[in-house]
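Quick caveat: nothing in here was measured; it's all calculated off a predicted structure.
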Amino acid sequence: MPLEFEIAPGRRVGGDNPCFVIAEIGQNHQGDLEIAKRMIRLVKEAGADCAKFQKSELDHKFNKAALERPYVTPNSWGKTYGEHKRYLEFSHSQYRELKAYAENEVGIIFAASGMDQAAADFLLDDLRIPFLKVGSGDTNNLPYLEHVAKKGSPLVISSGMQSMDTMRRVYETVKPINSNFALLQCTSAYPLEPKDVHLNVISTYRKEFPDIPIGYSGHESGVAITLAAVAIGAKIIERHVTLDKTWKGSDHSASLSMDELAEMIKSIRIVEESLGSSLKAMRPCESYTHQKLGKSVVAVGDISAGDTLSIEKLAVKVAEPRGFPPERIYELIGKKTKKAIKDDATVLEEDIEF
């Protein structure tokens, strides 16, 4: 089963592939289609791989009482939670327009979270997005996971608010049906404090689920924690983005500005390049420094031909010419010299009987 898979045509995730960066626009578009289009264009310019939204069919996601609940806060777009959510929810035709704009005019992968089963059906069967994001609120919704896994499209599954036992059940539910999925470490707090991030879970997931890519969905301020996630193995990164952190809405304060997104992606690529090989070796770029400052074994006092070497007769210095390497100095102990070596002169391998 794959540690990597094709998340969209021509773009693979996991393995040695570059980190896949999802810019989560979510509902930070304020219910305005033109703002949403502008955000799609800007995340592309910032270097993101994917512009992502959140789609709900509200009568399927919420019961009537939840939709009728009074919602009077500074972030509200209506008197009830249902009015608030309906204000921010794009229609099917608007989603078709956004997807066409993203793919045909901007040239970026378009995706969305299916916030309920009906929304997922629309996204996968009608809109035909390349992959489905499963938000943390549905990660323990096992019937939902079975349903979307059977559709065969790749899945990216967040893990906020879940236990390790639940995540094992998620893996065991999805894996036999659809092997093309990834898990993201996530803590569902907005904004997220560093002490609540727990990046070490990424390493736990990599050990527990070694045959799928692991990523990180973050809601913290700044980019440092996300860069650390990449450094310890995250292959997918998801961060919320906004045009204005002071706008009305609970997600804006936990989102990146477009400048921060661009900085993060540029830094991710630097981190990826810096990870390099797991094999420790002297690198070609070190050769100049090694030639200039690398040390060699030298003689302490005059050493006659046929003398037996002891540690007292040897020292380590930057020497001309370069000679016997210091890490092998103990190989010289007890060996005899083939010729005389003057005090402070370099000890050469050809001067010693081995």
Is there a path from Y101 to F110 through hydrophobic residues (I, L, V, M, F, W, Y) whose side chains come within less than 4.5 Å of each other? yes
Do [X] and [Y] have side-chain atoms, one donor and one acceptor, less than 3.5 Å apart?
{"X": "S136", "Y": "T139", "answer": "no"}
{"X": "Y205", "Y": "N200", "answer": "no"}
{"X": "S163", "Y": "D165", "answer": "no"}
{"X": "Q27", "Y": "E89", "answer": "yes"}
{"X": "T308", "Y": "K336", "answer": "yes"}
{"X": "T242", "Y": "D251", "answer": "no"}
{"X": "R322", "Y": "H290", "answer": "yes"}
{"X": "S113", "Y": "K52", "answer": "yes"}
{"X": "E24", "Y": "S217", "answer": "no"}
{"X": "E238", "Y": "H219", "answer": "no"}

Taking all heavy atoms of [X] and all of [Y], pick out the closest pair and write down the distance.
{"X": "A119", "Y": "G114", "value": "CB-CA, 4.3 Å"}
{"X": "R12", "Y": "E4", "value": "NE-OE2, 2.8 Å"}
{"X": "Y216", "Y": "L192", "value": "OH-CD2, 4.0 Å"}
{"X": "G249", "Y": "N75", "value": "N-OD1, 2.9 Å"}
{"X": "L261", "Y": "A46", "value": "CD2-CB, 3.7 Å"}
{"X": "D138", "Y": "M115", "value": "OD2-O, 3.2 Å"}

Rounded to the nearest 0.5 Å, what's the gap from CG on L132 to CG on L155? Could you check? 6.0 Å
Going from NZ on K313 to CD1 on I341, what distance comes out if it is rounded to the nearest 0.5 angstrom? 10.5 Å
May I ask you to decide whether [X] forms a salt bridge with [Y], counting only side-chain N to carboxylate O separations under 4.0 Å?
{"X": "E6", "Y": "R11", "value": "no"}
{"X": "E349", "Y": "R328", "value": "yes"}
{"X": "E146", "Y": "K150", "value": "no"}
{"X": "E260", "Y": "R239", "value": "no"}
{"X": "K64", "Y": "D59", "value": "no"}

Any idea how H252 and W247 line up, ring-wise: parallel (<30°), tilted (30 to 60°), or perpendicular (>60°)? perpendicular
Kindly assign one of parallel, tilted or perpendicular to the pair F20 and F131, based on the angle between their ring planes and the thresholds 30° and 60°. perpendicular
More than 12 foreign heavy atoms under 6.0 Å from NZ of K342: is that the case here? no
Which is it for D302 and K339 under the salt bridge (Lys or Arg N to Asp or Glu O under 4.0 Å) test, yes or no, and what are the steps along the way? CA-CA 11 Å; D302 292 334; K339 66 177 186 180; over 6 Å; no
Taking the six-membered ring for Trp, are H84 and Y81 closer than 6.0 Å centroid to centroid? yes
Are any of the side-chain heavy atoms of L183 and I212 separated by less than 4.5 Å? yes
Does the side chain of R169 reach to within under 4.5 Å of the side chain of L142, using non-hydrogen atoms? yes
Just to verify, what does D125 make a side chain to side chain donor-acceptor pair (under 3.5 Å) with, not counting sequence neighbours? K151
